[in-house]
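Notes to accompany the following structure.
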Number of protein chains: 2
Amino acid sequence: MPASHTALPTKERILGAAEELFARHGFEGASLRQLTAAAGVNLAAVNYHFGSKDRLIEEVFRRRLDQLSSRRMAALQKVAGEPDTTIEEVLAAFIVPALELSHDGNGSLFMRVLARAFAEHDDTLRKFLSDNYGHVMRQFTAEFARLLPHLSKEELYWRVDLVTGALTHAMSGFGMIQRKSDVTEHVHREQTAQHLIRFAAAGLKSP
Amino acid sequence: MPASHTALPTKERILGAAEELFARHGFEGASLRQLTAAAGVNLAAVNYHFGSKDRLIEEVFRRRLDQLSSRRMAALQKVAGEPDTTIEEVLAAFIVPALELSHDGNGSLFMRVLARAFAEHDDTLRKFLSDNYGHVMRQFTAEFARLLPHLSKEELYWRVDLVTGALTHAMSGFGMIQRKSDVTEHVHREQTAQHLIRFAAAGLKSP
DNA sequence: GTTCAAATCAAACGATCGTTTGAGCATACG
DNA sequence: CGTATGCTCAAACGATCGTTTGATTTGAAC
């Protein structure tokens with residue numbers, strides 16, 4: 001049981017420290033000794049609570065992606081299939097939940113972890129992400145296909161891949177983009193979303 | 001001196017194996033023992049020829065980026081500053097040399113190494129890349145600024161960052177995109193370049 | 001107060017890491 | 001031939017890795 005003087009239970013503290021160290025040093029670069037020291041827990045706690053380092057990595061993804069995916073799906077359902085839906089609305093359903101995550105606690109660190117997972121062409125990790133969250137990408141692609149009926153299947157996949165690459169890259173760097181002190185965080189997030197949506201929409205719609 | 005029956009000298013064999021293993025397993029994930037075994041050389045050869053693993057990593061970048069950067073700069077010089085230059089021409093100067101590299105031997109593996117370097121926010125590596133090859137990015141950005149005078153500095157940086165993110169992501173996956181058997185490699189490369197250029201140009205030019 | 005399971009702990013496991021050493025081999029030059 | 005010189009090699013260095021163990025502590029149930 002968790003000690004009462006600690007703010008968070010051991011499991012949560014490990015997940016938080018893991019997210020930060022995986023973002024900064026990669027999955028292989030961050031050791032369990034650094035990680036447990038940063039979390040203020042015993043070395044053996046990782047294997048006790050998660051079973052192994054690989055399962056801890058999966059839990060780091062699960063904790064954030066469960067929420068992110070369901071928010072994206074919920075936002076998509078509001079516009080999917082409607083007769084007057086715009087590309088920009090679908091992109092907003094994809095981007096805004098990720099931006100909300102980026103501005104919530106250590107969420108921006110998680111976007112860096114996600115960008116690493118993209119760059120690592122690790123088969124095990126890709127299969128885990130595809131099995132558990134692939135349906136989200138398929139739903140969005142299907143909606144883009146409906147709104148861009150003149151594009152061939154091949155052309156559509158190309159553009160969706162380029163959009164996700166650009167957005168993942170951009171959002172993994174959000175921690176560094178300084179918000180000007182004369183705009184509120186909410187306004188800043190709104191402006192960022194507009195940047196990304198305009199750019200991605202132009203790329204998708206290009207003739 | 002190299003043994004006469006081996007096709008390549010030890011240094012080249014190490015660089016080739018390093019490129020492949022860094023692409024597949026990352027800089028920390030690929031060990032010198034895997035690496036030297038794959039190259040068919042002795043473990044100590046890395047430290048003898050390169051001094052350390054970190055210096056080997058730098059050499060892997062240097063071998064490809066020296067060529068890539070000079071080709072990009074040469075292509076840019078042909079259109080920079082001219083009165084009738086188009087965005088598409090500047091993007092071609094950036095993209096085509098990278099595509100040529102991707103289709104040359106293990107070049108596509110190097111693009112994956114480069115994508116990893118983007119994802120790793122490692123300060124040492126970023127400084128090395130910025131110090132040695134940052135002038136290329138600055139030249140291209142300056143030319144984009146000339147062709148897109150209505151964009152604010154901030155807006156321009158945003159879009160250039162999104163373009164490089166999308167392109168690096170896309171090109172790191174080229175090894176997997178299957179060329180249809182009824183098109184020659186040259187035609188395939190041409191088609192790929194047109195995909196990327198159209199997408200990026202639309203994003204840059206969006207109002 | 002006793003019991004019992006969950007949680008934490010220090011310590012050690014074998015494996016692997018990057019790096020170094022010193023002997024041995026090859027070729028080129030005197 | 002003798003001898004430098006460039007290179008390769010097996011072996012070992014200390015450090016660190018993920019994981020496991022067994023004892024100890026904790027807190028609630030009875």
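Quantities reported herein were computed from a predicted structural model and do not represent experimental measurements. Just so it is clear: chains get the letters A, B, ... in the order the sequence lines come, proteins before strands, and each one is counted from 1.
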Quick one: is D:dC7 close enough that its OP1 or OP2 comes under 4.0 Å of any side-chain N or O from B:Thr10? no
Are the side chain of A:Arg72 and the backbone N or O of A:Gln67 linked by a donor-acceptor pair below 3.5 Å? no
Provide, to the nearest angstrom, the distance between the NE2 atom belonging to A:His25 and the C1' atom belonging to D:dC17. 16 Å
Determine whether a donor-acceptor pair (N or O, by modelled atom type, separation under 3.5 Å) exists between the side chain of B:Thr168 and the backbone of B:Gly165. no
Between B:Asp54 (CG) and C:dC17 (P), how many Å, whole number? 16 Å
Taken to the nearest whole Å, NZ/A:Lys11 to P/C:dA7 is 9 Å
Between B:Arg13 and B:Ala39, is there a donor-acceptor pair closer than 3.5 Å when you use the side chain of the first and the backbone of the second? yes
Out of D:dT20, C:dC17, D:dG18, which has the shortest distance to the side chain of A:Ala44? D:dT20
DNA chain D: 5'-proximal contact among B:Arg33 and A:Glu28 (nearest heavy atom): B:Arg33
If I take atom NZ in residue A:Lys53 and atom P in nucleotide C:dA15, what distance separates them, rounded to the nearest angstrom? 19 Å
I need the CZ-P distance between B:Phe50 and C:dG18, as an integer number of Å. 15 Å
With DNA chain C as reference, determine whether A:Val41 or B:Gly29 sits nearer its 5' end, using the nearest nucleotide of each. A:Val41
Is there a side-chain polar atom (N or O) of A:Asn42 under 4.0 Å from OP1 or OP2 of C:dA10? yes
B:Ser31 vs C:dT16: side-chain N/O to OP1/OP2 distance below 4.0 Å: no
Nearest-neighbour nucleotide for the A:Leu43 side chain, C:dT19, C:dA11, C:dT8 considered: C:dA11
Whole Å only: how far is the CZ atom of B:Phe27 from the P atom of C:dC17? 17 Å
Mutual orientation of the aromatic rings belonging to B:Phe199 and A:Phe199 [parallel < 30°, tilted 30-60°, perpendicular > 60°]: perpendicular
Taken to the nearest whole Å, CG/B:Leu35 to P/C:dC17 is 11 Å
Would you say A:Arg198's side chain and B:Gly203's backbone share a donor-acceptor pair under 3.5 angstrom? no
Roughly, in whole Å, what's the span from CG in B:Leu32 to C1' in C:dG18? 6 Å
Is the phosphate of D:dG18, meaning OP1 or OP2, less than 4.0 Å from a side-chain N or O of A:Asn47? no
Ranking D:dG18, C:dC17, D:dC7 by distance to the side chain of B:Tyr48, first place goes to D:dC7
Kindly say if A:His49 contacts the phosphate of C:dT8, meaning a side-chain N or O under 4.0 Å from OP1 or OP2. yes
